[in-house]
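Chain A is the first sequence line, chain B the second, and so forth, proteins listed ahead of strands; every chain is numbered from 1. Below, all heavy atoms of this structure are taken into account, side chains as well, without hydrogens, waters or symmetry copies.
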Amino acid sequence: MADRTSSERSEPFSPPVGSPRTSPSRGTSPTRDLPPFEDESEGLLGNEEAPILEEEEEDGEELFGDRMETDYRAIPELDVYDREGLDDNEEYSELSFGERAEVERELRKRDREEGRISGRMRRGLLYDESDEEDEAVPRRRRRLAEKAAEGLEGEDEEMIESIENLEDMKGHSVREWVSMAAPRLEIYNRFKNFLRSYCDETGKNVYREKIRKMCENNKESLVIDYNILANEEQVLAYFLPEAPAEMLKILDEAAKEVVLSMFPKYDHIAKEIHVRIAELPLVEELRSLRQLHLNQLIRTSGVVTSTTGILPQLSMIKYDCSKCSFVLGPFYQTQNQEVKPGSCPECQSNGPFEINMEQTVYQNYQRITIQESPGKVAAGRLPRSKDAILLADLVDSCKPGDEIELTGIYHNNYDGSLNMANGFPVFATVIQANYITKKDDKLAVSSLTDDDVKAIVALSKDERIGERIFASMAPSIYGHDDIKRALALALFGGEAKNPGQKHKVRGDINVLLCGDPGTAKSQFLKYVEKTAHRPVFTTGQGASAVGLTAYVQRNPVSREWTLEAGALVLADRGVCLIDEFDKMNDADRTSIHEAMEQQTISISKAGIVTSLQARCSILAAANPIGGRYDPSLTFSENVDLPEPILSRFDILCVVRDTVDPVQDELLARFVVNSHIRHHPSNSGEDTDGQPEMPLTTTGVEPVPQELLKKYVIYSKEKVRPKLHNMDQDKVARMYSDLRRESMATGSVPITVRHIESMIRMAEAHARMHLRDYVNEDDVNMAIRVMLESFIDTQKYSVMRSMRKNFARYLAFRRDNNELLFFILRQLVQEQLSFHRNRFGTEQDFVEVSEKDLQDKARQIGIHNLSAFYESDVFRTNRFSHDGKRKLIVQTL
Amino acid sequence: MFVTDIRKEFYDKVVHERVLVLVAFDVDALCACKILQYLFQCDHVQYTIVPITGRQELENAFLEHSEQVKYVVMINCGGNINILETLQPAEHVIFFIADSHRPVDLVNVYNDDQVKLLMPTTDDFDIPAYDDLFKDDESDDDSGNESDSSAPSGKRRRLDEEVLERRRERRLWEEKRKQILLDYEEFSTYGTSSAMIMFDLAWKMSKDSNDLLWWGIVGLTDQYINNRVERGKYMTDVGDLHKHTLRLNHRNEDDDNTVSVDCMRIYFDEELKLALYRHWSLFESLKHSSYPACKFKMWTVKGQQKMHEFLADMGLPLVQVKQKFTSMDMGLKESFKGLFTASCEKYGLDDISFGSFIAQYGYKNKLCAADVVYAVNGLMECVEAEKSATGYFLEALDCLSRQNVKKLLRGLDLAKRQLTTIMQTVHSFIDMKQIISAGPFLYAYIPEGHPDVKFFSRPNCLGMLAYFMQEAYVATSRSRRSTLLPMVVAAPLNAETGSALVIGIPPKAEESTKNFFGRAFEQAAIQTNSRTLHDNFDTSIIEMKSEDRSKFFDALISLLS
C-alpha cells in the first residue's frame, strides 16, 4: 500500500479527465491476458480491479500506439458511467481506511485464486516458488528481496530508486530516456525477471529451456518472441522498436547475466549473448521503408542476392602510442564511425597511434544484399534491394538465393559519393540485422527427435512396410504402381561405393518416366519435389547445359570470375527433377552424361579448372515422339533419346494411357473423390456421407507423408545395407537372359550398368526395410522392377512372350489375387474384342467362362480360386461369380 | 603348496636352470611376464616364453617342451585346474603358478612337491582343511579290497559290521566333502594381480625400478578396468604401489629441471573414467567410455543434449572438446579435470574419478595406466589377420617397453577402434531392444552376420562389451530388479565350425567379483548334452556349438530360476 496517492488518483470512478483511456488502462492485471493495444470497451470491464492492483501497476498500458489518434475520438457510450460501477459507488465511499484495506486483501486473494485457475499467474516459477504466498508484498519489494537472496552485488543498483511507471518518460524522448541510468537499470531488471519467470500455458519455463538449448549447442543467440514480451512487459515491448540499438544492448547484458547464473562458466564459451527478436508483428516491404523507420526495429523479407566474404571488424580496439609505446584503450567501436584517441595520456602527444594487433578484439562482419521477392513486386516495377549487415554469429546464416525474413535496425550512414551525386546531403541506409529466418528450412536428421526415431523403428517392424511405402508415394495419384515403386526406390537410393578410393560407383537411382500425355508424369515429379531431401526442379526447355552443371560468371562487385552452381550441383546428395526431358537440346543433354554416371561435374573455363560434386539421382519425365506412345514400336524408336543416356537410367517406366472401362471408371471416381476431399475449404466432415474410397489400389494403409519424409531421411542417414550372401547366380542368369533378349529385339540396350542397377535397387529395398543386409526379398524385388522396366520397353508383339518367359520373376510379391485379376482382365479384353468384331455392338456385361480362368490359373500354379472370388479386387471391379452357370460376369 | 618366501623358494631355485614360462592372454599376465623377463635377463637365466590361450594349448605347450625343462612358471593360467592330472608331468618337474584366477584347485594347494603357488598369503583363500578332503590311502585300499575279494564266511559277520560302520562313516565324510567342494568351487573370482606379485619379487631382490613398477601398475589397472578386482582391494593395492612410487620418484621432486628425455617419472593422480581421452578428443572419449555414456544414455538424442549441457556447464566450448586433446587450449587442458569434478555431481557422475598412476617419459609421452591397458589389449586382440595370435601377443609384449612408443600408439588406435565398435554395438542393441531379460539373467546374442563380429570373438573384448551392455541396459530399464540380474552374452566365434563364444558376468549391483556362471555353464552343458568346450582359464567363458545354443540357454534359465 505504498502508493496511496496514486491509487487515489486513478480511482475508477473519478470522472474521466482528458483522455478516456487513462483509467481503463489501469486495469491490466496479470489475471487477464490483454493484448498490448486493446479495445477500450474491454479495458473498461477491468475497472474494478484497478485499485487493488495498484502496486503492481508499473506496466501500465501502451499510450503511444499507432491508434493514438483514435483514442481522442468521441465515444458517447463510454462517457457514461458503468452500470455495476455505479451500484457499488455508495458502498465504497463509506469505507474507512481499515475496511478498505480489508477488502483489498480479500480481493487480492480472489485474484490469486482466479489466477491459479486461469493458469496465467506466475505458477511453477523456478526462481521464486513462494511467489504466490507473498503476493501481498508489493512486487518491487519482492524483487529487491529476490535480488538480495540471489546475492547479487547490488550496491550501486540499490542507490538508484527503481521506477514504478517506466512508461512515464518525464518529457524525454524514448531514446534519451532509455539511455539514462535509472530507466536503464529498470529495463535491465525487468527483462531479467521476464527471462526468469515467464512460463507458457503448461507451466514450463520457456526461456530457461531455451537458454539451456542454446548453451548445449554453444550458440550465442537467444531468440525472444516479441508477442510474448509484449504480453508480459508492455513497456519494454514499446521501447524496443523505438530505441532498438540502446535497448538491445541492455537486453544483451541482462540475458548474459541470466545465462551466467545458469551456466556460470559459459563466458569461456561465448563472450557475448545476443538477444534476437522474433515475430515482430509488423512486416514492412523493402519498398515501403521510409524516413519514419529510421533507427527503428523493422522486419522485412526478401531474397538474398549477394553476400560478401566474412571480414574481421574491429570491435574493441587498442592503440600503441608510437612515442612512449603506451597501450591506449580499449575503445569500443560503433557501427558507423571509428573511435580514435585524441592524445596519449602518458606522454600527452597526439599521435601517431598504431593499432595494437594482439590485444584488439575483432568480430565477424558480413554484408549481404537482399532484394524483394519476385512474387511481391508490383507488376511492372523493378525489385528494390537493400544492404544488410550481419555481425557475430549471424554471419553466413544465409546464402545467395535464400528467401529470408530479416529483423533488424534500419540505420542510415553517411555516404560521400551519394552526396556528390545528389549535390546535397542524403544518407545511404542499411539494415543492421538482428534476427534472420530462412523461409524454408528443410528438416534434417538432427531435427529428428527420439519420438520420431521410435516411430520410425516401429514402422520398420511392419511386415508390409515395403508395400505401405510404395502405396504412400503420391497418394493422390491413382494407380501407376510401377512408377510409385520406382520413385520409392529412387528416394531411398542404393549405397555408393568407392573401391580403393580410386573410382566411385554411384548409389543413386535414376528414373525416366516416359509416356502419353495426361498420365500424371509431372505430378509425380512435383510430388517428389515436395517429399525428397534437397530437390531441384527444372524443365527441359528452361534449363541450358550450363544451367544444369555450373557456369562461370564475372562478379559485378569484385570483377573476378566466379563459379556459380547449376541445378545438378545444387541437388548434390538430393534429387534433380527434369521435366520435359525430350524437349531439351541434344547439346545440353549431353552435358549431364558425366553427372549421371560419375556424379561429378568438371569445369575448365576462364582459368577455373575444377570438379564439382553432383551426387544426385535424376528423375526425368519425357514424352514419346509425336506425343503418343506407339506400342508397336520399341522404346528407343518411341523416344528421341540417344542410347548413352538411356542406359544411364536404372529404371525406365513406360506409362500408357490404355482404355479400360472399369479401370477408367474407378480412376474417374478416385479423381472426383480426391477433388472433393482436398478442397481447401473442406473441413473433413462433408465427406462422411460419401462412401470412403480406398486410397490405394493395393489396399494397405499408407504412411503419413510427414513421417514418410522423416523415414527417408533417417534411413538414408543410418542404414548402410551391405551385400551379403547375395544370390549371385540369379543375378548372373538374369543378366545373360536380358542381354540375349535385348539383342534379339533391339529395344533398349542392356549393359553392365544394369547389373549395378539391380544391386542398387536391392540395396534401396533393403534400406526401405531398415535392414543392414540385402536379402533374397530385396534381390527379387530388384529383379522384378528391372524386368518390368525392361519388358515395358518392348514392342507389343514381343512383350507378351517375354512376360511368359519371365513370369516367375514377375510374380514376386504380387499376391495371387492380383495375378488372377490380371489374367481375368486379359480374358475380359479378349471377350470384348471378340464381341466387338463379331457383332459390332458394345455390351453391358461380359461373361467369361470359369473354366478358362481355371486353366490359365493352373498354368501359373494356382488351383483354388474361391478366395479370389471373395476378394475386394474382384468385387470392386464389378465382377461377380455365378457358380451355377460357371461363369464370371462383369457389368460394364 | 603356497610359497611363503618367494625369493628363496622360487627365484633362487630356478635361477640356474632352464625355465619354461607359460603366459595367458591378458594384460596382467603380460606385465607379470615382462617383469619376470627382466629379472631373468639380469641373471642370465635361460627361459622360453609360450603364450597360451586355453587348456588345450597348455597341454600342447607343455608336451612340446617337457623334455628339456625342469621348472615351469605359469602366469595367470593353470591355478584353477588340476595340473598334475591334466599334464601328467614327470616326477622331477616343478610348477610355479602365479595365477589370479580363484578358486585355486585343491590338489594344487595340497601338493607339496611339484606345485608351488606364488600367491600372497594375505589373500583370502578360504581353503578347506586337508582332512576334510583327503583320507589316508589305507582306507581307500581297504574299501577296495572289501569290494573286490569276498572274505571267508567265518569272519564275515564281524567284518560286515565293521565294514558297514566304516562305509557309513565314509559316506558321511564323502557327502561332507562334496558339500565343502561345492561351496568352495561355487563362485569363480580373482585374486591379487600376478604383475603385483612379480613386482614384489623384484622389490625383494632390490631390482625394482620405475619400469618394473609401471608394469606392476598396469597389471593392477587391467584388473580394475576389466572388473576383476573389488574397489576396496584396488584401493589398498594402489596404496601399496603408491608407496613404491614415492620411494622411486622422490629425487625428481627436488628440482624440476632434472627431467631428461630418457627419464621415466611416475606419479599418482586422480584419473577420470574417460577412456583414452589424452590420445583422442574429450568428446569422443565421453561418448565411448561406458561410465559417462551410460549415465547420459548417449544413444538417445536427449542424452546427447544432456552431454552438451554438461560440457556447457563446465564452460568447455564444443569446438575445443571435439578437437584432439593434444591440440586443445592449454588453459582448458590444465583446468578441465577440476571442472569435471566440480560439475559431475550435478549430472550424477559421482564416481567418475578413481585413483590411478600416470607415467611420463621425456617431454612428450604422458601415459595413463588405464590407457596403456586399453592399448595393450587392443594390440593383443587385434582383428587384422596379418599375424598369428602369438604374433600379436609378442607385439603387445613389446609395446610395454619404453622404447617402443610407436607400437603403443598403434595399440591406442586399435583400442579406439575397439571402443567405437563396442559403443556402436551397444547402441544398436539398445535401439533394437535386443538385450532380453530372460528371467534370471539378461541375455544378448550377437547375430552371425553382424559386421563387427570378429571383434567379439576375443574374450576380453567380449567381456568389455558385456559389461558395457549390462550397464546400458540397467540405465535404460525402469525396473529396479535389472541391477540384480547377471548377464550372458554370446557371439559367434568361428563361422565355419559354427562355434560361439559365451560369457557370463555377475550382476551390476554385486560389489564383489564373484561369478557363478562357471559352474552353471558346466551343469547346463551336462544336462542338455551340448557340445561345449571349457577351454578358457576363466570358467565363465566357454565355447559352444551354435546349434546347441537355444537348448543350452533353456537349461540355463531353468537352472538359475
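In the displayed structure, A:Lys256 atom NZ is contacted under 6.0 Å by more than 12 heavy atoms of other residues, nucleotides or ligands. Heavy-atom contacts from other residues, nucleotides or ligands closer than 6.0 Å to CZ of B:Arg417 number 12 or fewer. Enclosure of atom NZ in B:Lys302 is not indicated, since only 12 or fewer non-hydrogen atoms of other residues, nucleotides or ligands lie within 6.0 angstrom. A 6.0 Å sphere centred on NZ of A:Lys219 holds no more than 12 heavy atoms belonging to other residues, nucleotides or ligands.
Each of B:His308, B:Met307, B:Gln304 was scored for a side-chain contact (heavy atoms from CB on, under 4.5 Å) with A:Glu216, with one residue passing: B:His308.
Contact check for A:Cys215 versus B:Leu311: no side-chain heavy atoms found under the 4.5 Å cut-off.
The part of A:Lys213 that comes within reach of chain B is its side chain, from C-beta onward, which places non-hydrogen atoms under 4.5 angstrom from that chain. Residue contact with chain A, scored on non-hydrogen atoms closer than 4.5 Å, involves the side chain of B:Leu339 exclusively. Of the atoms belonging to B:Lys433, not a single heavy atom falls under 4.5 Å from chain A.
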field: Worked verdict on B:Glu309 versus A:Phe263 for side-chain contact (heavy atoms from CB on, under 4.5 Å)
entry: CA-CA 9 Å; B:Glu309 194 190 320; A:Phe263 293 90; 3.7 Å; yes
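Heavy-atom minimum distance, A:Ile269 versus B:Ala312: CD1-CA, 3.8 Å. Residue A:Asn218 comes nearest to B:Val319 through the heavy atom pair ND2-N, 4.4 Å, listed as atom of the first residue, atom of the second, then distance.
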